[in-house]
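What follows is a set of notes on a single structure, which appears directly below.
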Protein chains: 2
Amino acid sequence: MSSPPTIEDVANRAGVSVATVSRALRDLPNVAPATRARVEAAAAELDYRPDPSASALASGRTKTIAMAVPMLDSWYFSKVMAGAETVLAAAGYDLLVFAVHNDDPGDRLLHRPVVRRADALIVVDIDISDEEAAELAASRIEVVAVGMKVPQMEAVVVDDHRVAFDATMHLVSLGHTRIALIGGVGEGRQQFSVPIERRAGFVAAMTAAGLALDEALIVDGGFSVAGGHRAMADLMDLTEPPTAVFAMSDEMAFGALRELWDRDMDAPADVSVIGVDNHDVADLVGLTTMQQQVVEHGAQAARLLLRHLLGEREGDDVHVHTGLIERSSTGPPRR
Amino acid sequence: MSSPPTIEDVANRAGVSVATVSRALRDLPNVAPATRARVEAAAAELDYRPDPSASALASGRTKTIAMAVPMLDSWYFSKVMAGAETVLAAAGYDLLVFAVHNDDPGDRLLHRPVVRRADALIVVDIDISDEEAAELAASRIEVVAVGMKVPQMEAVVVDDHRVAFDATMHLVSLGHTRIALIGGVGEGRQQFSVPIERRAGFVAAMTAAGLALDEALIVDGGFSVAGGHRAMADLMDLTEPPTAVFAMSDEMAFGALRELWDRDMDAPADVSVIGVDNHDVADLVGLTTMQQQVVEHGAQAARLLLRHLLGEREGDDVHVHTGLIERSSTGPPRR
DNA sequence: GCAAGCTATGTAAGCGCTTACACTCATGGC
DNA sequence: GCCATGAGTGTAAGCGCTTACATAGCTTGC
């Protein structure tokens, strides 16, 4: 007998029907304790594990959660993924991950075969059109968003407006008046709320502080180290460069720092730099940042989803908080 | 009709049998071009996508690859994952990821239900006993290892002995004689070849250089920033601290640098530090390192696996190479 | 012109589960 | 003592595909 044991093998060995085996092994009621024990013993002896495909086909539930991210090899997404996986694994769910490139607008989530494999979907920072959101809401699949806000979809949300406002205000309070923003919207992404909200928060803070808004100081860093590097180069090439920079992510801030060092400049002596995330190495390079509990974002999304799958839908977003961590990359402007 | 269309709906609409639909949609031979076109049109009109569970149950193939890593939120693993996902997605396979904590020896891979969902398994830096390796080899599941060498299992391998030898020799060539090793084996991991080989390479280089081996200079950094930090603290507290450190990973090297800076010391002025990986921020902090094409490790593993699944098994490991990237964290010892 | 050999298609038997429904006994209230 | 009740178990019908096998129609060679 080389192929794996089936439920029938277990039933024969335990001397009961397959239905009883199915019930016993899934802890359903109406199974006599003695029978349950016999079934469990038989299953253990045969090293039986139910076939997930068969189980999914018969029950309609896959016990799998899919997770869509713009890219797999980024610090933020791997943290979110880790947080979700821990919670899901504990609940007996498996995690199917896939990348959806935000710059490919034809790539509709629901058209991905992978989504059919899952009971639910966690979307992280994916640009979703209203139309697609409606399609998702109408589908069989439960969806929870992380990071961005999509109409009708529950989410683990950061108050991005406030994060940006606070970060900018930190620079303002140090005395800066010429403050740049390194953000990123990118080509295909229209609805992606994170950069939009953070930009709005930045603008609100500048306005609140009575500071002029110079469009030349708002540049795109594509949420990557390399992008932040380039963006900072552009800023420093201006005839009147900024004295402080708010980067929408630590990775872009790293790139910005790198560019300063390339120019034999330093933070905060020449330019103050603040990021968002509290990346693992932010501490190492002394980056002031708005801390996020990123692993917790994933864990919360997973918990929210599990509640949905149990039918408890209270329709409330989960709000996660941020806070300023002051390190050595920000300080008063040079006079 | 709220539930998704089935193959039967497509068959009715196209006026053929379900068998023909199945064949037409999977590009099998012996389908008349006109019929195929009609089936494809019907499928498109209904927005039909086959149910993966049903397909898996009937065919025995899930079109899914599972990937086991010690943890999801580490730079190295997320890169490997990304490399594999890109290749697998292009071939129509989905990626199921899960964490196997190396310090839990009771956690056998084959006993994980998740593995039953997959046609094949990529294991990355997982501590696998010979017994478990044999069990895997005998199973229905194809397995490819990344990073570590397991008997009977094809792998994407780094010549870890050489990496360590070369890194150590770089320090030796700069004139260092008191060289420390920050590595990591950890409790439960007995067979995990990466630290074992790297340690051997370190020892070989020291011996080749005619240098004394001081066991006090070999410390555990657990392959994390925090662990490297602690390890470096222990080293610097020695009555005779090292003048150079070889850390088995960049993340541990970052921790080591951090500890130096905490002590108002610097690399390479006080201690030279070299790592392995060429982590995204290694460049930023000027870390000398042994470069690895980590994304490529995952991609190669995926390609190897796809070949296996097509029945082409040539039994050859894929070797990936490393090279020294000299930056500012290494230099001659202070005299 | 006909058997042999194709190609194109259909028929139907599973794949290994879950679950609605039916059934058999105990048990208990009256 | 009888019927309603409910706990424990079995029977069997799917779930939506894949695929071995059967069949029907066309070529082709001689």
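Predicted, not measured: the structure shown is a model, and the values here were computed from it.
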Is there a side-chain contact between B:I65 and B:L96, using heavy atoms and a 4.5 Å cut-off? no
Is the backbone N or O of B:S22 less than 3.5 Å from a side-chain atom of B:R26, with the two atoms forming a donor-acceptor pair by type? yes
First-last contacting nucleotides on DNA chain D - partner chain A, under 4.0 angstrom, heavy atom: D:dA7 to D:dG16
Check this for me, if you would: do B:K63 and B:D94 make a salt bridge, where the nitrogen-to-carboxylate-oxygen distance has to be below 4.0 angstrom? no
What is the bend of the helix from C:dG1-D:dC30 to C:dC30-D:dG1 when you compare the axis at one end with the axis at the other, using five pairs each and rounding to 10°? 30°
Hey, does the side chain of A:R36 reach the backbone of A:A24 with a donor-acceptor pair shorter than 3.5 angstrom? yes
Using heavy atoms and a sub-4.0 Å distance, could you list which residues of residues 31-42 of chain B are near DNA chain D? By number, please. none
Applying a 4.0 Å non-hydrogen cut-off, can you work out what A:N30 is touching in the nucleic acid: base, sugar-phosphate, or nothing? base
Ignoring hydrogens and angles, tell me if any N or O in the side chain of B:N12 forms a donor-acceptor pair with the backbone of B:D9 under 3.5 Å. no
Distance-only, no hydrogens or angles: does the B:S74 side chain make a donor-acceptor pair with backbone N or O of B:M71 under 3.5 Å? no
Donor-acceptor contact present, side-chain B:T86 to main-chain B:A82, <3.5 Å: yes
Mind listing the residues from residues 20-28 of chain A sitting with a heavy atom below 4.0 Å of DNA chain D? Number order is fine. A:T20, A:R23
Upstream residue (5' side of DNA chain C) when B:R116 and B:P29 are each assigned their closest nucleotide: B:P29
Where the side chain of B:T20 meets the backbone of B:V16, is there a donor-acceptor pair that is under 3.5 Å apart? no
With side chain to side chain donor-acceptor pair (under 3.5 Å) as the criterion, how do A:D119 and A:T62 come out once you've worked through the C-alpha distance, each side chain's angles and the decisive distance to 0.1 Å? CA-CA 6 Å; A:D119 295 335; A:T62 62; 2.9 Å; yes
Run the salt-bridge test on A:E296 and A:R303 with the 4.0 Å N-O cut-off and return the result as yes or no. yes
Holding to side chain to side chain contact (heavy atoms under 4.5 Å, CB included), I want the full list of residues that pass it with A:Q152, two or more places apart in sequence or in another chain. none
Does anything in residues 65-86 of chain A form a salt bridge (Lys or Arg N to Asp or Glu O under 4.0 Å)? List the pairs, not counting sequence neighbours. A:D73-B:K79, A:K79-A:D280, A:K79-B:D73
Mapping B:A19 and B:L57 to their closest nucleotides on DNA chain C, which lands nearer the 5' end? B:A19
Donor-acceptor check, side chain of B:R38 to backbone of B:A14, threshold 3.5 angstrom: yes or no? yes
